[in-house]
Amino acid sequence: MFDLTTIRVLIVDDSRFMRRLVRSILRSVGVKYIIDTDRAEMAIGFVKAQDFDVVILDWVMPGIGGAGFCDAARHIARVKPMPPIVVITAHATRKVVLEAIRAGVDQILVKPFSATSLRDRLITAIESQEQAETPSSPDGVFFL
């Protein structure tokens with residue numbers, strides 16, 4: 001079982017209700033360190049100043065929104081590693097999904113969602129990043 005008690009999560013959503021709901025779900029699955037904000041612009045500052053294991057991001061928000069956050073994240077990634085991004089959206093049109101994928105989003109979760117699906121996306125995003133960061137040789141032997 002994946003231990004979520006030590007991960008650090010940033011929630012970015014303009015809806016206070018959604019931030020509270022996601023926070024509640026995260027707490028119920030063991031996450032202890034959670035910061036949230038209603039603005040993508042503020043989230044960029046948090047990501048620059050702190051290390052997070054994952055960002056949970058609403059795609060459609062006022063201001064720069066999810067796409068603007070991802071664009072800024074690419075610039076931050078030149079200086080420090082970016083955490084995986086899990087997008088939560090009610091706008092799961094083909095256009096939005098393709099835009100999110102092109103922007104570098106790691107996982108997409110469509111509203112409404114269950115606590116289990118959020119937990120699973122969180123774990124998948126973190127494990128995928130850990131695997132991508134682990135160097136390996138062509139014969140499958142890992143080096144530390």
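When atom types are taken as modelled, the side chain of E41 and the backbone of I64 share a donor-acceptor pair closer than 3.5 angstrom. Checking side-chain atoms of T89 against main-chain N and O of A92 turns up no donor-acceptor pair under 3.5 Å. No donor-acceptor pair closer than 3.5 Å links the side chain of S24 to the backbone N or O of R20. Judged by distance alone, with hydrogens and angles left aside, the side-chain atoms of S117 form a donor-acceptor pair with the main-chain N or O of S114 at under 3.5 Å. Of the possible polar contacts, none joining the R23 side chain to the I11 backbone as a donor-acceptor pair under 3.5 Å is found. Judged by distance alone, with hydrogens and angles left aside, the side-chain atoms of S28 form a donor-acceptor pair with the main-chain N or O of I25 at under 3.5 Å.
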Quiz item: Which is it for R16 and D38 under the salt bridge (charged side-chain N to carboxylate O under 4.0 Å, His left out) test, yes or no, and what are the steps along the way?
Solution: CA-CA 7 Å; R16 182 181 203 160; D38 62 347; over 6 Å; no
Quiz item: Run the side chain to side chain contact (heavy atoms under 4.5 Å, CB included) check on V12 and D58 step by step: do they pass?
Solution: CA-CA 6 Å; V12 188; D58 181 19; over 6 Å; no
Quiz prompt | Worked check of side chain to side chain contact (heavy atoms under 4.5 Å, CB included) between I126 and F2 | solution = CA-CA 10 Å; I126 293 168; F2 195 90; 3.6 Å; yes
Practice problem: Could you give me the CA-CA distance, side-chain angles and deciding distance for H91 and W59, then say whether side chain to side chain contact (heavy atoms under 4.5 Å, CB included) is met? | Solution: CA-CA 8 Å; H91 306 277; W59 192 249; over 6 Å; no
Exercise. Start with the C-alpha gap between T6 and Y33, add the side-chain angles, then the distance that decides, and say whether side chain to side chain contact (heavy atoms under 4.5 Å, CB included) holds.
Key: CA-CA 7 Å; T6 61; Y33 187 88; over 6 Å; no
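Expressed to the nearest 0.5 Å, how far CD of Q107 lies from CG of L109 amounts to 9.0 Å. The OG1 atom of T93 sits 8.5 Å away from the CD atom of E99 when rounded to the nearest 0.5 Å. Here the straight-line distance linking atom CZ of R119 with atom CG of L26 works out to 11.5 Å at 0.5 Å rounding. For the atom pair L10 CG and F46 CZ, the distance stands at 7.0 Å (nearest 0.5 Å). I44 CD1 to H75 NE2: the interatomic distance, rounded to the nearest 0.5 Å, is 9.5 Å. Between I76 atom CD1 and F69 atom CZ the span is 6.5 Å, to the nearest 0.5 Å.
The environment of CZ in R27 is crowded: more than 12 heavy-atom neighbours from other residues, nucleotides or ligands sit within 6.0 Å. Remark: K32 NZ is loosely packed, at most 12 non-hydrogen atoms of other residues, nucleotides or ligands lying under 6.0 Å away.
Shortest non-hydrogen contact noted between A103 and R74 is O-NH1, 3.0 Å. The nearest pair of heavy atoms linking D13 to M61 is CA-SD, 3.8 Å. Nearest heavy-atom pair across M82 and Q129 is O-NE2, 2.9 Å. Taking all atoms of both residues into account, the shortest heavy-atom contact from D36 to R19 is OD1-NE, 3.2 Å. Smallest separation of non-hydrogen atoms from D106 and P84: OD2-CA, 3.0 Å.
The hydrophobic clustering, which links ILVMFWY residues whose side-chain heavy atoms are closer than 4.5 Å, places F17 and I34 together. Placement of I88 and V110 in two distinct hydrophobic clusters is found when ILVMFWY residues are connected by side-chain heavy-atom separations under 4.5 Å, directly or transitively.
Contact check on K80 versus D51 returns a salt bridge, with a Lys/Arg side-chain nitrogen under 4.0 Å from an Asp/Glu carboxylate oxygen. Salt bridge absent: R8 and D53 never bring a charged side-chain N and a carboxylate O closer than 4.0 Å.
Annotation: side chain of V87 is in contact with side chain of I85 (closest heavy-atom distance under 4.5 Å). Using a 4.5 Å cut-off on side-chain heavy atoms (C-beta onward), I101 and V105 make no contact. A heavy-atom distance below 4.5 Å is not found between the side chains of D120 and L122.
A side-chain N or O of D3 and one of T5 form a donor-acceptor pair less than 3.5 Å apart.
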